[in-house]
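Convention: sequence-line order gives letters A, B, ...; per-chain numbering from 1.
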Amino acid sequence: QNVATLVADDVTLTADDQLIASGNVVAFFEGTQLRASQIIYDRAADQLQITGPIIVQDPAGNLVTAASGTLDPRLENGILLGARIVLDQQLQLAANQIDQRDGRYLQLYRSTASSCQVCGNRAPLWEIRAEKVTHHTLEQQLYFENATFLIRGLPLFWLPAMRLPDPTLDRATGFLIPRQRSTSQLGTGIKLPYFITLGDHADMTLSPYVSAQTRTLELELRRAFATGSLSLRGAVSDDTLQDDLRSYLFANGSFALPANYRLAFKIETVSDKAYLLDYDYDDKDRLESDLSLLRVTNTTLTEARLSYFQTLREVETNASLPPIIGEARHEARIQPGFGGTLIYATSIDTAYRPDRTDGSAGRDVTRAGGRAEWRRDWILPGGIVATAQTGLRGDLYGVRDDSSYPDSDLRLVPSGMATLRWPLARQGAANHLIEPTLTLSWADVHGAAPPNEDSARSEFDPANLFDRSRFTGQDAVETGTQLAAGLTWTRAGPGGAASSLTFGRVFRDSAQPDFTPSSGLDGTESDWLVSGQYTTPGGFVIEWRGLFDDDIETTRTDGRARWSNERLNLGATYIWQGRDAAENRLDTISEWTLDAGFQLTDTLRMAADARYNVAADRPVQAGLGFTWQNECVTLAVSASRRYTASSSVDPTTTFGLVGSLAGFSTGRSAKGPAAQCRQ
Amino acid sequence: CGFAPVYGEDNVLRGQITFETRDTVPGFRLRERLEQRLGVTEVPAYVLRAQITDRRRSLAITTSGDNQRFNVLGTVTWVLTHATTGETLASGRHETFTSYAATGSTTATQAAETDATARLSVALADMIVSRLLLLAPGLPR
Amino acid sequence: QTQIDLGALVVDPGAAIEVTSQTLSVDQDTGIAVFTGDVLVIQGDLRLSAQRVEVVYGSDTDEIARLIASGDVLLANSQDAAEADNADYDITTGLLTLTGDVLVTQGGTVISAQNMVVNVTDGTATMQGRVRTMLQQGATE
């Protein structure tokens with residue numbers, strides 16, 4: 001049988017069958033270690049009488065200190081007097097007597113529990129005094145009986161019984177920290193989340209949210225599988241804002257299938273357009289549910305996706321979005337024997353509008369097509385990288401419910417492109433790289449032009465400056481002869497700072513009607529594209545991009561900046577874009593957003609965010625929050641206002657308050673810095 | 001003015017790098033662009049491991065709450081190691097953004113989002129290539 | 001069955017001492033007798049065995065004053081035993097001092113130390129020097 005071991009400076013065996021160990025006495029038993037100044041082992045009673053100061057450390061790392069006590073030789077059963085337990089270096093429980101049962105139970109009598117720093121004899125920030133506390137080490141639970149919660153020694157509330165998980169517990173069914181939430185529309189309410197573990201691989205959180213204006217039940221479900229996972233969140237509400245029941249459901253899951261395929265699905269549905277904003281569940285204005293199958297290897301991409309859309313925008317109706325879009329595509333790259341790289345791709349996509357009216361509101365379009373593209377590079381003398389490309393694309397279109405287009409129509413597009421890129425570098429304290437590039441391309445269309453569904457919103461930026469066709473989809477193709485010229489200058493500074501600047505412009509023999517004016521690619525000469533970025537190793541980034549026409553009128557400009565280090569993170573974005581009826585945008589866009597987080601003091605953190613619509617000279621949204629966190633309490637206060645106003649949504653102001661005690665696994669967040677005792 | 005062609009005497013790095021990217025669509029586009037710019041692997045002297053993360057931010061929100069634009073913000077972290085010794089030769093982190101309009105039909109918006117994500121991979125790949133061309137002279141053979 | 005316990009080793013120091021061994025040599029002028037070879041000293045309930053025991057007689061009387069044992073010293077009674085490298089039993093003071101890797105087994109309890117002093121008059125035994133005690137599991141088992 002296993003035995004406890006005592007090590008001491010000296011041991012005396014007395015006549016009446018006692019073994020007295022004294023001087024730096026340490027007792028070991030199965031991972032538990034007990035230090036004391038003296039231990040008397042009474043063999044007849046088979047008991048250790050221990051005189052303190054006693055320090056017991058159990059295998060889980062919990063510490064018990066006591067003034068004196070008696071324990072059995074297995075250090076499992078017995079009584080410790082004037083004891084204090086420290087669980088997971090966070091939660092301290094002091095008691096004038098602790099009974100230890102079979103190494104599993106600790107019963108503390110007249111005990112106080114707190115995870116706050118105790119300075120001198122000043123009452124800790126919060127404590128729980130209980131007549132009896134039972135710490136069940138296997139269940140990792142703390143059972144309080146006749147407990148009083150005090151703040152700075154002032155009793156706040158009394159509970160006959162209370163159960164809280166000890167800090168080492170990760171998952172247990174039970175109440176989570178309640179959240180107070182008051183909004184201008186739903187009044188002051190409280191959310192009381194209840195967490196339920198469903199086995200090792202799933203859990204569910206039910207949160208009733210009750211206020212004067214609403215009775216809501218929120219649900220969150222998570223399930224992990226061997227090859228994937230599923231998560232679902234939703235809510236059902238009966239409130240005064242609308243007569244009938246309101247609800248939403250967001251679910252998504254993804255699963256790994258054999259042969260490297262991955263199946264994923266997403267469901268997003270809501271009962272009415274304003275529900276998500278009224279309850280701040282999400283700020284989407286279009287919901288997309290889809291089922292997709294994807295396989296990616298080093299050289300192939302295979303994807304199939306079926307999407308269903310539901311719009312929450314005032315001006316749109318679901319029937320002509322189009323709500324249902326299906327697409328399937330396979331793309332591959334190979335290196336043929338004769339050199340270069342051959343890319344071939346086949347794809348089919350279809351868009352269905354239940355609306356039957358003739359024309360764009362009810363049109364259904366199906367396309368099946370393929371493309372092949374061969375490219376090859378040469379290094380010319382002088383270090384010029386030359387690339388030749390030839391391509392052919394063929395698409396068969398089927399159009400229904402739109403008499404202005406033939407029912408079916410074949411389109412072929414042969415194309416060719418030559419690119420010259422001449423990278424020049426200068427090494428020194430700072431390294432510079434200049435990459436001037438010139439492309440000459442040509443494409444021709446045979447067959448009628450299909451309706452332009454998927455290429456109606458194209459962009460012009462450094463990434464597609466030298467593409468042969470910059471349209472986002474297949475329905476529109478850049479044709480005729482065009483020349484694109486540009487230059488990218490990159491500088492890597494000695495200290496790790498880096499900057500880059502790109503200029504570019506496209507010249508073509510014939511304007512492309514499918515480019516909208518605000519895309520910067522309309523007409524025979526595109527806008528000037530200018531784009532720059534500067535970053536420092538210290539965490540500062542500023543990036544800016546602009547499109548200017550010939551008399552330096554801005555078509556669009558957007559930029560962002562971010563600076564983050566341990567005490568501060570600042571982020572700002574700005575965008576200006578001109579009015580453009582072709583892009584269904586009747587007002588100029590001019591909006592800046594700002595979000596900032598400051599660590600004001602060791603315990604106080606401030607976070608603010610704002611979004612301002614300069615064109616309409618109205619704020620869109622603003623929020624401010626303070627988080628006060630020390631070693632034992634986290635308190636978060638937040639206020640935010642959303643100015644969105646439409647026929648179904650009103651501006652809303654929301655205040656939130658949530659507090660949690662560190663030291664219990666429910667309240668366990670990243671522990672804040674321990675406050676120093678002020679002498 | 002001190003500038004010399006990068007591909008002066010030898011075809012620096014071309015065909016000498018094995019690319020390792022993740023099995024995602026952005027990873028696929030990143031690898032495609034890296035192969036276009038630095039050549040398909042022939043004699044692997046180096047291994048380049050690159051990983052992209054991206055996230056969407058809505059932008060230009062109308063007074064009635066419609067999102068008119070989205071920014072796709074992306075970050076790529078990469079490590080270049082010697083193919084045989086496995087020694088790390090260089091590493092880096094770059095970030096940039098592309099954006100797309102969401103005022104069109106669902107077809108137009110979905111295609112614009114897919115194209116913006118692909119352009120982000122291209123932009124990040126080009127940033128890696130520019131940095132590698134600057135570091136090339138210092139790399140051991 | 002009374003449990004005679006090392007801790008309760010009580011012996012009358014005046015009791016007769018019987019010493020047996022394979023060989024004995026006596027030095028007339030110093031009065032020292034040296035027993036060697038499986039030496040066994042018996043005094044009441046006390047049994048002390050060793051390879052070599054030196055008996056020192058009192059200067060004025062022919063009573064034994066001290067026993068100095070060395071080599072596989074074993075001090076035992078019916079249930080417990082104490083081994084050591086050497087022992088010094090001072091009859092006049094009743095103190096028996098064991099030194100050098102002292103190992104005491106008492107019922108199941110095993111105690112190891114550098115030295116141990118047994119007071120045969122009151123039955124106490126004290127050990128010094130990082131004493132290690134293996135407590136034996138009691139009846140509660």
**Study point:** Closest-packed option against chain A by number of heavy-atom pairs under 4.5 Å, given B:Ala4, B:Gly65, B:Ala108
**Key:** B:Ala4
Review point. Quick one: OG1 on B:Thr107 to CZ on A:Phe309, what's the gap to the nearest 0.5 Å?
Key: 7.5 Å
**Study point:** Side-chain ion pair, B:Arg14 and A:Asp377, N-O less than 4.0 Å
**Key:** yes
Point to revise | Residue part contacting chain A, namely of B:Arg56, when any heavy atom lies under 4.5 Å | key: neither
**Study point:** Heavy-atom pair count under 4.5 Å with chain B, highest-scoring of A:Lys284, A:Gln335, A:Glu314
**Key:** A:Gln335
Point to revise | Which of B:Ala123, B:Ser58, B:Gly8 touches chain A most, by non-hydrogen pairs under 4.5 Å | key: B:Ser58
Point to revise | Donor on one side chain, acceptor on other, B:Thr98 and A:Glu459, under 3.5 Å | key: no
Exercise for review: Please state whether the side chain, the backbone, both or neither of A:Ala425 comes within less than 4.5 Å of a heavy atom of chain B.
Suggested key: both
Practice item. Please flag which part of A:Asn431 lies under 4.5 Å from any non-hydrogen atom of chain B: side chain, backbone, both or neither. Key: both
Check your understanding: Is it the side chain or the backbone of B:Glu95 that comes within 4.5 Å of chain A heavy atoms, both, or neither?
Key -> both
Exercise for review: Name the option with the most non-hydrogen atom pairs under 4.5 Å to chain A; the candidates are B:Glu20, B:Arg29, B:Glu113, B:Arg57.
Suggested key: B:Arg29
Point to revise | B:Leu135 versus chain A, the contacting section by heavy-atom distance below 4.5 Å | key: neither
Check your understanding: Side chain, backbone, both or neither: which part of A:Asn260 has a heavy atom under 4.5 Å from chain B?
Key -> side chain
Check your understanding: Hey, which of A:Arg560, A:Glu453, A:Gln577, A:Glu327 has the most heavy atom pairs under 4.5 Å with chain B?
Key -> A:Arg560
Study note, to complete from the structure: Correct closest heavy-atom pair for A:Thr644 and B:Ser64 would be CG2-C, 3.2 Å
Check your understanding: Which bit of B:Val25 is near chain A, if near means a heavy-atom gap under 4.5 Å: side chain, backbone, both or neither?
Key -> both
**Study point:** Residues of residues 31-41 of chain B within contact distance of chain A, non-hydrogen under 4.5 Å
**Key:** B:Arg31, B:Glu32, B:Arg33, B:Glu35, B:Gln36, B:Arg37, B:Val40
Exercise for review: Could you look at B:Arg131 and say if it's the side chain, the backbone, both or neither that has a heavy atom under 4.5 Å from chain A?
Suggested key: side chain
Check your understanding: chain A heavy atoms under 4.5 Å from B:Thr21: which part of the residue, side chain, backbone, both or neither?
Key -> neither
Point to revise | Interface moiety of A:Asp467 toward chain B, non-hydrogen atoms closer than 4.5 Å | key: neither
Point to revise | Max heavy-atom pair count under 4.5 Å with chain A, selected residue of B:Ala118, B:Ser99, B:Ala136 | key: B:Ser99
Point to revise | A:Ser307, part contacting chain B, at a heavy-atom distance under 4.5 Å | key: side chain
Review point. What pairs with B:Phe70 under ring-ring contact (aromatic ring centres under 6.0 Å, His included), at least two apart in sequence or on another chain?
Key: B:Tyr100
Point to revise | A:His432 NE2 to B:Leu134 CG distance, which is reported to the nearest 0.5 Å | key: 9.0 Å
Review point. Contact part of A:Val385 toward chain B, heavy-atom cut-off under 4.5 Å: side chain, backbone, both or neither?
Key: side chain
**Study point:** Contact check, side chains of A:Leu424 and B:Val6, non-hydrogen atoms, under 4.5 Å
**Key:** no
Check your understanding: Would you find more than 12 non-hydrogen atoms of other residues, nucleotides or ligands less than 6.0 Å from B:Arg22 atom CZ?
Key -> no
Practice item. Would you check if there is a donor-acceptor pair between the side chains of A:Arg286 and B:Thr106 at a distance under 3.5 Å? Key: no
Practice item. With a 4.5 angstrom heavy-atom cut-off, could you sort out which part of A:Thr341 is near chain B: side chain, backbone, both or neither? Key: side chain
Exercise for review: Return yes if some donor-acceptor pair links the side-chain N/O of A:Arg313 with the main-chain N/O of B:Asn67 below 3.5 Å, else return no.
Suggested key: yes
Check your understanding: When rounded to the nearest 0.5 angstrom, what distance separates CD in A:Glu303 from CZ in B:Phe28?
Key -> 11.0 Å
**Study point:** Closest contact, heavy atoms only, A:Arg611 versus B:Leu59
**Key:** NH1-CA, 3.7 Å
Study note, to complete from the structure: Of all heavy-atom pairs linking B:Gly2 and A:Arg426, the shortest is O-CG, 3.3 Å
Revision key, fill the gap. Most heavy-atom pairs under 4.5 Å with chain A, out of B:Asp115, B:Asp66, B:Thr109, B:Val122, belong to B:Asp66
Point to revise | For chain B, the option from A:Thr297, A:Asp587, A:Leu321, A:Asn584 that forms the most heavy-atom pairs under 4.5 Å | key: A:Leu321
Revision key, fill the gap. From the list A:Gln427, A:Glu316, A:Arg262, A:Arg421, the residue making the most non-hydrogen contacts under 4.5 Å with chain B is A:Arg421
**Study point:** Donor + acceptor pair across side chains of B:Gln68, A:Glu583 (<3.5 Å)
**Key:** no
Review point. Can you check whether A:Arg556 reaches B:Arg69 side chain to side chain, under 4.5 Å on heavy atoms?
Key: yes
Check your understanding: Side chain, backbone, both or neither: which part of A:Asn613 has an atom under 4.5 Å from a heavy atom of chain B?
Key -> side chain
Practice item. Could you tell me which of A:Ser500, A:Pro462, A:Ser647, A:Ala463 has the largest number of non-hydrogen atom pairs under 4.5 Å with chain B? Key: A:Ala463
Point to revise | Interface moiety of B:Phe97 toward chain A, non-hydrogen atoms closer than 4.5 Å | key: both
Exercise for review: May I ask you to test the B:Pro5-A:Pro423 pair for a side-chain heavy-atom distance under 4.5 Å?
Suggested key: no
Exercise for review: For the pair B:Thr103 and A:Arg457, evaluate side chain to side chain donor-acceptor pair (under 3.5 Å) and give the outcome as yes or no after the intermediate values.
Suggested key: CA-CA 8 Å; B:Thr103 54; A:Arg457 295 289 184 278; 2.7 Å; yes
Check your understanding: Between A:Leu301, A:Thr490, A:Ile575, which residue shows the highest count of heavy-atom pairs closer than 4.5 Å to chain B?
Key -> A:Leu301
Review point. Which atoms of A:Arg545 come close to chain B, meaning under 4.5 Å heavy atom to heavy atom: side chain ones, backbone ones, both, or neither?
Key: side chain
**Study point:** Contacting region of A:Ile325 [heavy-atom separation from chain B under 4.5 Å]
**Key:** side chain
**Study point:** Region of A:Leu380 in contact with chain B, defined by heavy-atom distances below 4.5 Å
**Key:** neither
Review point. For atom CH2 of A:Trp422, is the number of surrounding heavy atoms from other residues, nucleotides or ligands below 6.0 Å larger than 12?
Key: no
Check your understanding: So which part of A:Val649 gets closer than 4.5 Å to some heavy atom of chain B, the side chain, the backbone, both or neither?
Key -> neither
Review point. For A:Thr300, is it the side chain, the backbone, both or neither that has a heavy atom under 4.5 Å from a heavy atom of chain B?
Key: backbone
Review point. Once you round to the nearest 0.5 Å, how far does CG of A:Asn298 lie from CG of B:Asp23?
Key: 7.0 Å
Check your understanding: Which answer fits A:Arg376, side chain, backbone, both or neither, if we ask what part of it has an atom under 4.5 Å from a heavy atom of chain B?
Key -> neither
Revision key, fill the gap. Most contact-rich option vs chain A, by heavy-atom pairs under 4.5 angstrom, among B:Ser130, B:Ser121, B:Ala112, is B:Ser130
Exercise for review: Go through the steps to decide whether B:Arg93 and A:Thr535 satisfy the test side-chain contact (heavy atoms from CB on, under 4.5 Å), and finish with yes or no.
Suggested key: CA-CA 11 Å; B:Arg93 177 184 178 284; A:Thr535 57; over 6 Å; no
